[in-house]
Amino acid sequence: MIVITFPDGKTRDYTAGVTGYEIADSIAKSLAKAAIAVKINGELSDLSLPITESSTIAIVKREDPEGLELIRHDAAHIMAEAVQKLFPGTQVTIGPTVENGFYYDFFRNQPFTTEDFEAIEAEMRRIVERGDAFVREVWTREKAIEVFKAKGENFKVELIQDLPGTEDIKIYRQGDWFDLCRGPHMANTKQIGTAFKLMKVAGAYWRGDSNRQMLTRIYATAWRTQEELDAHLHQLEEAEKRDHRKLGREMNLFHLQEEAHGSVFWHPKGYEIWVALEAYMRRRLREDGYKEVKTPQLMDSRFWEASGHWGKYRENMFVVPDVVPNTNEGEKVFKEEPKHFMALKPMNCPAHVQIFKQGIKSYRDLPLRLAEFGCCHRNEAHGALHGLMRVRQFTQDDAHIFCREDQILSESIKFCELTKAIYQDFGFNNYVVKLETRPEKRIGSDELWDKAENGLKEAIDKLGMNYEISPGDGAFYGPKLAFIVKDAIGREWGCATLQLDFNLPDRLDASYTGEDGQKHRPVMLHRAVLGSIERFIGILIENFAGKFPMWLAPVQCVVASITSDADDYARKVHAQLKEKGIRAELDLRNEKINLKVREHSLQKVPALYVVGAREETDQTVAIRRLGSDGQSIVKLSEAVESLANEAKPPY
RNA sequence: GCCGCUGUAGCUCAGGGGUAGAGCAACGCAUUCGUAAUGCGUGGGUCGGGGGUUCAAAUCCCUUCAGCGGCACCA
């Protein structure tokens, strides 16, 4: 006999070997019917597996949080079956669950298109309806390899061969179809339900390796009920509406075009946001002890060789021949074969080291914090470009802190606190912190990397911050702390970063004189809070859905007249706002007030001051705030004052 | 860079071998109006670029560029 403990603490005795299903059945027929899996000592398992030892178990139902995971995982299996039935010769690879759904990667000479979706979904519904049990089998490695080889499933064979020799080979079968799978699965295909939808096809490399085969990935979403599915689809539609590329065009903030692809044309309104943001950051940095600098855009390749960029980063750089071009029509751009090259800077760090190296630095000069709104160019892969989020020319709110080793901790903490304060000013709370460690392609010794990684770890531990470790994702010169923010469509972008670097000062021979009169290497902290101003504005647009807080709004107030009789008064109101430094516009068009309200609302202007004959007589304005459908009548002087107050930046 | 899809007016989109379309926007005229679209009229395009097939190409084919969705890469 074994003792089974339930979530409520009650216990019952069962014969060893009892299954989760039998336990559920012994409690209530309805529970057995609703059961889709069982949690044994916190671990999810099949209902059909015998339980041999006393344990704590919970019966898992579709409604439980684990239910979704199971629905999606099972749905991946039936999608694979459906695809193989409809498209014979297609090889299956892997099909994990992801946020909101799952995908399955297939290998087929002719990739799928979205036109195939309807047929695949219909076949999936048939499989659900069929209601076959998911049957778990354990095979020997040899049998598994043999069977999959015979089926021509070369990718599965590779997977099995790479499984550790100690591991059992588990197979899950639904009807005639089966797949290599760790499990667990629900009892039968019927439990999946039909609240799923195929979403998109995409290419994906086998095992994430760009040197290997390109597979076709089908993404799908799956939920418990049609209502949940509909809600999710609706949410996607809503998210699309706040896409910064769409809002950027609609609000006339910026544009991109072919001839400068990957570089942004900032329109007057977009650049107002930039200027406000930069001014805010400048105040923040000055207050935190940074000195602002500006460094060259183009530097000789010798310089980049010394920094290590030429060797480890050149494929991301724009290299320019240092030759006078030929202007004779029809001839080559360069008469001679270029021998000397320059490069647009992809990073600001080496240049900041040059400033550090001017003159002699004493330990008393440290920490030296050099900040730059540095415009960098990176030759990004074409497929990587994405609106403002991923561009080829961008401006970092960059800074490099040169300090002694004993100052690393306090400087790291200072930076994390600054970042936190700034993110709070923008209302960001949902960022994730990652510690990214040494990559394969790197400079410097392992001892230095140990030191650097431990340094960052110590700082975040001390601050008690939650973080994940991302192995191998560091920069080539040092490990990083990355602050990851999600965009409207759920994509993750790195914004703030703190990188600890013992390498560059060494390579570029930066030193200071210590208390002991000896030369020492400073440590360099690379850091940015916004990351790239372009990306950060993109994130802001999506975060606020274009409805910027007053201090960032490109147009803070529009003064609109109701009829031309009130034009003079409107001009007066507008002038008073401008006087206070408010970004105000005047709308005297011979249009109905309805139209004016509509247009400025669509432009997401936060404050609309409407004036007509009544307001002129009373020296008031009718204030209509974005998002409200009413208005309030306020004395002109008060209206100007309160707006000026509200428009003050948070710092 | 790789796989797939897309590219027609400023924007959103229809048309898929036989004279280039709609709505909104723009411009003109009328309208002076109280909080999310006033009416009427006018102009606007070598259908992303290049090449080919054809009597004839926006439409079919090839190629190239860009955009979109992923992957790989990354602030």
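Just so it is clear: chains get the letters A, B, ... in the order the sequence lines come, proteins before strands, and each one is counted from 1. The structure presented is a predicted model; accordingly, all values stated were derived computationally and were not measured. Side chains included, hydrogens not; waters and symmetry mates left out as well; all remaining heavy atoms used.
OP1 or OP2 of B/G69 sits under 4.0 Å from a side-chain N or O of A/H386. At least one side-chain nitrogen or oxygen of A/Y219 sits closer than 4.0 Å to the OP1 or OP2 atom of B/C71. Look at A/R491 and you'll find a side-chain N or O under 4.0 angstrom from OP1 or OP2 of B/G70. Contact annotation: A/R390 side-chain N/O to B/G67 OP1/OP2 distance is not under 4.0 Å.
Each of A/E534 and A/G387 was assigned the nucleotide of RNA chain B with the nearest heavy atom; the assignment lying further toward the 5' end belongs to A/G387.
Here A/Y205 pairs with A/S210, A/M214 under the side chain to side chain contact (heavy atoms under 4.5 Å, CB included) rule; sequence neighbours left out.
Between the side chains of A/E315 and A/N379, no donor-acceptor pair of N or O atoms lies under 3.5 Å. Looking only at atom types and distance, the side chain of A/E585 has no donor-acceptor partner in the side chain of A/Q603 under 3.5 Å away.
Separating the P atom of B/C62 from that of B/C71 is a span of 28 Å, rounded to the nearest Å. Look at the P atom in both B/U59 and B/U19: the space between them is 14 Å, to the nearest Å. With P as the reference atom, B/A58 and B/C47 are 6 Å apart, rounded to whole Å. Look at the P atom in both B/G49 and B/A57: the space between them is 15 Å, to the nearest Å. B/C74 and B/U63 have their C1' atoms separated by 31 Å, with the value rounded to a whole Å. Comparing B/A36 with B/C40, their P atoms are spaced 22 Å from each other, to the whole Å. Nucleotides B/A9 and B/G43 place their C1' atoms 11 Å apart, quoted to the nearest Å. On the P atoms, B/G15 is 28 Å away from B/G39, given to the nearest whole Å.
Base-pair partner of B/C47: not found among the strands shown (Watson-Crick or G-U wobble, both distances under 3.5 Å). B/G17 is unpaired under the Watson-Crick or G-U wobble criterion, no partner having all donor-acceptor distances under 3.5 Å. Base pairing analysis places B/A9 opposite nothing; no Watson-Crick or G-U wobble pair with both distances below 3.5 Å involves it. In this structure B/A56 sits in no base pair that meets the Watson-Crick or G-U test at under 3.5 Å. With a 3.5 Å ceiling on both atom-pair distances, the Watson-Crick or G-U wobble partner of B/A26 is B/U42. In this structure, B/C68 forms a base pair with B/G4, meeting either the Watson-Crick or the G-U wobble geometry with both donor-acceptor distances under 3.5 Å. Nucleotide B/U35: unpaired (no Watson-Crick or G-U wobble partner with both distances less than 3.5 Å).
In this structure, the side chain of A/K480 does not engage the main chain of A/K434 through any donor-acceptor pair within 3.5 Å.
A cation-pi contact links A/R108 to A/F112, judged by a cut-off of 6.0 Å to the six-membered ring centre and 45° from its axis. With a 6.0 Å cutoff to the six-membered ring centre and a 45° limit on the axis angle, A/K441 does not count as a cation-pi contact of A/F476.
The only option from A/W274, A/F483, A/F428 that meets the ring-ring contact (aromatic ring centres under 6.0 Å, His included) definition with A/F536 turns out to be A/F428.
The side chain of A/K200 has B/G69 as its nearest neighbour among B/A75, B/G69, B/C5.
Rounded to whole Å, the distance from NZ on A/K441 to P on B/A72 is 17 Å. Atom CG in A/N109 sits roughly 15 Å away from atom C1' in B/G4 (whole-Å rounding). Here B/G70 presents its P atom at 13 Å from CG of A/N100, a figure rounded to the nearest Å. As rounded to whole Å, 13 Å separates atom P of B/C74 from atom NZ of A/K434. In this structure, the CD atom of A/Q213 is 15 Å from the P atom of B/G4, given to the nearest Å. Per the geometry, CD1 belonging to A/I218 stands 16 Å off P belonging to B/G70, to the nearest Å. Between the NZ atom of A/K480 and the P atom of B/C73 there is a distance of 13 Å, given to the nearest Å. B/C3 atom C1' lies 17 Å from atom NE2 of A/H382, rounded to whole Å.
Side-chain atoms of A/Y205 and base atoms of B/G1 include a donor and an acceptor less than 3.5 Å apart.
No side-chain heavy atom of A/R442 sits under 4.5 Å from any side-chain heavy atom of A/Y477. Between A/D398 and A/R527, every side-chain heavy-atom pair lies at or beyond the 4.5 Å cut-off.
Using a 4.0 Å heavy-atom criterion, one finds that A/G383 contacts the bases of the nucleic acid, with or without backbone contacts as well. Nucleic acid contact for A/R245: sugar-phosphate only, since backbone atoms but no base atoms lie under 4.0 Å from a heavy atom of the residue. If you check every strand for non-hydrogen atoms under 4.0 Å, A/A384 touches a base.
Summarising the local packing, CD of A/E440 is surrounded by 12 or fewer heavy atoms from other residues, nucleotides or ligands at distances under 6.0 Å. Heavy atoms from other residues, nucleotides or ligands lying under 6.0 Å from CG of A/D629 number 12 at most.
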Completion exercise
Expected string for nucleotides 32-38 of chain B under the B/S/- scheme (protein heavy atoms, under 4.0 Å, primed atoms plus P, OP1, OP2 as sugar-phosphate) is BBBBBBB
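Looking at residues 247-268 of chain A, you'll see A/R249, A/E258, A/H261 sit with a heavy atom under 4.0 Å from some atom of RNA chain B.
Here A/F394 counts as stacked on B/A75: its ring centre is under 5.5 angstrom from the base ring centre and the planes meet at under 30°.
Between A/R390 and A/E380 a salt bridge is recorded (basic side-chain N to carboxylate O distance below 4.0 Å).
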